[in-house]
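For reference, the structure discussed in these notes is given below.
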Amino acid sequence: MKYQSTRGEAPVLEFSDALLAGLAVDGGLYVPAEFPTMTVSDLRSMAEMSYSEVATRVLEPFVSPSIDANELGNMIEDSYSTFRHPDVVPVRQLPTEIGNDRYLAELYWGPTFSFKDVALQLLGRLFEYELTRRDTGVTIVGATSGDTGSAAIEACKDRTGIELIMLHPRGRVSDVQRQQMTTVKSANIHNVAIDGTFDDCQDLVKAMFSDLQFRERHKLAAVNSINWARVAAQTVYYFTTASRIAGPGQPMSFCVPTGNFGNILAGYIASRMGLPINRLIIASNHNDILTRTHSSGVMEIRDVEPSTSPAMDIQVSSNFERLLFDLSDKDSGWLVAAMNDFRSSGSMTLEKSVAARLQDLFDAGQASESEVEREIADLYLAKKEFLDPHTAVGVHVIREMKSLDGPAAVMATAHPAKFNNVVESATGVAPPQPSQIAGLMNEMERCVDLPNELSAVMDFVSAVSLS
Ligand SMILES: *Cc1c(COP(=O)(O)O)cnc(C)c1O
């Protein structure tokens, strides 16, 4: 398998090089040169397979020839043994008031209780494997507004060859989210609270990556959602969910609470690999750039309004570029011009054919804050079950799609206990806290405070990096 950049000007790489590179040198994102296909008998056999067996079958063609199937299988087994549910991604049915044949796929049973764990647990092991093989090390630098930080820390703690520095905006992540990061005791984990916003943190990280000398000297690496291995790892639960819900060869739909477009892009890849998918539904909160793009064919930036589903408060969905590349039949020339236009004017008009193909497979819908609250309250009243606010956006969107035929699953992206304040104010009841979250309060926290200044952050990175 070879990987090419969406912008068409970067070297073609094998899996392990694309893994370590993250962003391509031309500013594009790596995508496989072609999609492996699963045969009908592959799909049928998945109904009898464990999550890890399906993962090995689905991911093996993506990592070949960099990593052999046995090594991959071991890393996968190890990754998903950390999950707190034997099915890894269990499926349960939603009440019929929401719709017939409607399900939740619970992606949140990993170490930090968000769907980010599914990809990051494997990514941490892939990094360690490749760095050990090459006898080298990297300094992973990231910025987080919440879930990514703790999932990356859990995935990378105590791994050979990795120092991880995670920036978060001081006082602007929830207590649980902060404690999940700062109570990790491993020596290779470094939390930094920046006196600024999440955007300030992200700008600091970008500035360090654009300083090519600094980047080279400290072997900076990224585990953000543009890393292809994360998208690949997420394709797996589309296959397992379909094998649990749909009959052999029966198409089903997926409704995905969407921010950076990494999760739903994985669904698109699964469909390109031969999984029969009826509709892929983009669910947004009031920050609805993707819903508007879907209906008008024009992608236009607006200011982000904070919501109770912060992981979906986005202006630009970076993984959308991979979809545009594929829908335009890999027209890098058009894509580069369109992305430049978008950057300078804040708006991009999709080619007619691209907009039409977007509507062929995708639908889009949104939920307001009050609709999210009502959705959480309704499910509690009906079944004494809790939804986190991100998942509630998805449940609301599927409820509104009355004419959708066939089975459909909403991707449940966070455990309700992670957003207990929102859940409690909607239901009047605090969701039960798993002991791993409740126990955090009593743990010692480790974190360095730094000003929103590039030189101070660079000094810190220089001091902890391996070289
Ligand atoms: C990251 C995240 C999302 C958004 O996922 P994307 O892949 O960025 O679209 C949705 N919900 C939760 C809880 C998340 O952590």
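Read the numbers this way: they start at 1 and go in the same order the structure lists the ligands and their atoms. Positions are given from 1 along the sequence. It should be emphasised that the depicted structure is a prediction, and the values quoted were computed from it without experimental measurement.
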- Item | Selection from D313, I314, N260 by shortest heavy-atom distance to atom 6 (P) of ligand 1 | N260
- among protein heavy atoms, the one nearest atom 12 (C) of ligand 1 is T413 OG1, 3.4 Å
- Query: Is there a heavy atom of S225 sitting under 4.0 angstrom from any atom of ligand 1?
  - Reply: no
- Test salt bridge (charged side-chain N to carboxylate O under 4.0 Å, His left out) on D360 and R357 and set out the steps. CA-CA 5 Å; D360 272 350; R357 290 172 79 174; 5.8 Å; no
- Task: Examine the proximity of ligand 1 to K116 and report which part, side chain or backbone, both or neither, has a heavy atom under 4.0 Å away.
- Result: side chain
- List every atom of ligand 1 that sits less than 4.0 Å from any heavy atom of A414, numbering the atoms from 1 in the order shown and giving each element. 13 (C)
- Message: At under 4.0 Å between heavy atoms, is it the side chain or the backbone of D147 that contacts ligand 1, or both, or neither?
- Response: side chain
- Message: Applying a heavy-atom cut-off of 4.0 Å, say which part of F261 lies close to ligand 1: side chain, backbone, both or neither.
- Response: backbone
- Atoms in ligand 1 flagged as close to T258, the criterion being non-hydrogen separation under 4.0 Å: 9 (O)
- Counting both backbone and side chain atoms, is some N or O of F115 under 3.5 Å from an N or O of ligand 1? no
- Task: Could you check whether the rings of Y3 and W228 sit parallel, tilted or perpendicular, using 30° and 60° as the cut-offs?
- Result: tilted
- If you have a sec, work out which protein heavy atom is nearest atom 9 (O) of ligand 1 and how many Å separate them, to one decimal? G259 N, 2.7 Å
- Item | G262: numbered ligand 1 atoms lying under 4.0 Å from its heavy atoms | 6 (P), 7 (O), 9 (O)
- Task: Kindly indicate whether the side chain of V89, heavy atoms from C-beta on, has any atom under 4.5 Å from the side chain of E106.
- Result: no
- Message: Working to the nearest 0.5 angstrom, can you tell me the gap between F320 CZ and I282 CD1?
- Response: 6.0 Å
- Query: What about N263: any of its N or O atoms under 3.5 Å from an N or O on ligand 1?
  - Reply: yes
- Item | Residues K185, E443; criterion salt bridge (charged side-chain N to carboxylate O under 4.0 Å, His left out); working and verdict | CA-CA 10 Å; K185 293 180 184 69; E443 301 272 324; 2.8 Å; yes
- Task: Starting from the C-alpha separation in whole Å, work towards a yes-or-no answer on salt bridge (charged side-chain N to carboxylate O under 4.0 Å, His left out) for R57 and E60.
- Result: CA-CA 6 Å; R57 177 69 192 85; E60 195 268 321; 5.0 Å; no
- Measure up the Y237 and F115 rings against each other and bin them: parallel (under 30°), tilted (30 to 60°), perpendicular (over 60°). perpendicular
- Task: Applying side-chain hydrogen bond (donor to acceptor under 3.5 Å, both in side chains), name anything that partners S318, two or more places apart in sequence or on another chain.
- Result: N260
